[in-house]
Amino acid sequence: EAVLFKLTNFVCENHNSSALLIQQCRLKAVRRGKVVLNFVATVLKPVDDLTGRFQVLKKANGYKPWLVDRTLDFCRFLDRPYDPYAIFIYKFAKEFSNVNHSCPLTGSLIVKDFYPRAEAFKLPLPTGDYILSTNWQSHHVTQLVTNISFAFVEDLISG
Ligand SMILES: *[C@@H]1O[C@H](CO)[C@@H](O)[C@H](O)[C@H]1NC(C)=O
Ligand SMILES: *[C@@H]1O[C@H](CO)[C@@H](O)[C@H](O)[C@H]1NC(C)=O
Ligand SMILES: *[C@@H]1O[C@H](CO)[C@@H](O)[C@H](O)[C@H]1NC(C)=O
């Protein structure tokens with residue numbers, strides 16, 4: 001199978017070690033061309049207010065902001081998904097994650113062996129290197145920053 005979408009790097013930056021413990025933040029190559037993402041963290045104090053900012057950056061003489069820059073009330077979203085971009089990402093990630101309930105978030109947060117499924121191959125993205133950068137704030141203070149890097153090759157055959 002052709003490699004059209006490949007995770008290339010995953011970075012997590014914990015900004016509040018009294019609120020969050022990150023136990024795992026890494027990519028793993030499971031077989032030729034397939035890379036999965038694992039994230040394990042423990043929320044040490046229940047979180048009832050969480051805002052996520054999702055930015056897509058595309059490489060062109062360094063990484064530059066590229067089209068998507070959304071800020072999301074994540075607790076509201078968990079009650080009733082409302083943002084189309086976030087719904088798109090959440091649909092991908094949901095089955096790999098243990099976050100399937102509304103706030104407060106507490107205890108372990110797990111994303112296990114996540115990889116982009118077939119839907120991802122229909123994304124209207126030009127070929128290139130990208131970063132999905134997320135910034136998570138609670139009560140307006142950054143708690144966690146993650147960068148997921150991926151390479152995408154446009155599917156010229158079905159497109
Ligand atoms: C870090 O998290 C703790 C526990 O939730 C909270 O009381 C504190 O205000 C946070 N610190 C910052 C700088 O957000
Ligand atoms: C949420 O996920 C947990 C395990 O990750 C499962 O035990 C539970 O039944 C799920 N709850 C819902 C509402 O899907
Ligand atoms: C995420 O990537 C952007 C663009 O390269 C960079 O400016 C930022 O410092 C990175 N953040 C982390 C936590 O690696």
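What you see is a predicted model, and the numbers here were worked out from it, not measured in a lab. The basis for the numbers below is simple: all heavy atoms, side chains too, and nothing from hydrogens, waters or symmetry mates. Both ligands and their constituent atoms are indexed starting at 1 by order of listing.
In this structure, Leu20 and Thr42 have side chains that are not in contact, with every pair of non-hydrogen atoms separated by 4.5 Å or more. Between Cys25 and Thr146, the closest side-chain pair of non-hydrogen atoms is not below 4.5 Å. Two residues are said to be in side-chain contact when any heavy atoms from C-beta on lie closer than 4.5 Å; Asn38 and Phe10 fail this criterion.
Nearest approach of Ser18 to Lys45, heavy atoms of both residues: O-CG, 4.1 Å.
Taking the six-membered ring where the residue is Trp, the centroids of Phe96 and Tyr115 are separated by under 6.0 Å.
Set against the non-hydrogen atoms of Val11, the atoms of ligand 3 under 4.0 Å away are 14 (O). Close contacts of ligand 3 with Ile131, meaning ligand atoms under 4.0 Å from a residue heavy atom, involve 2 (O), 5 (O).
Taking the six-membered ring where the residue is Trp, Phe74 and Trp136 present perpendicular rings, their angle passing 60° and hence far from 30°.
Checked against a 3.5 angstrom limit, the closest N/O atoms of Asn147 and ligand 3 fall inside it.
Protein residues having a heavy atom under 4.0 Å from any atom of ligand 1 are Asn16, Ser18, Ala19, Lys45, Val141, Gln143, listed by chain and number.
For the residue pair Ser149 and Thr8, no side-chain donor N or O sits within less than 3.5 Å of a side-chain acceptor on the partner.
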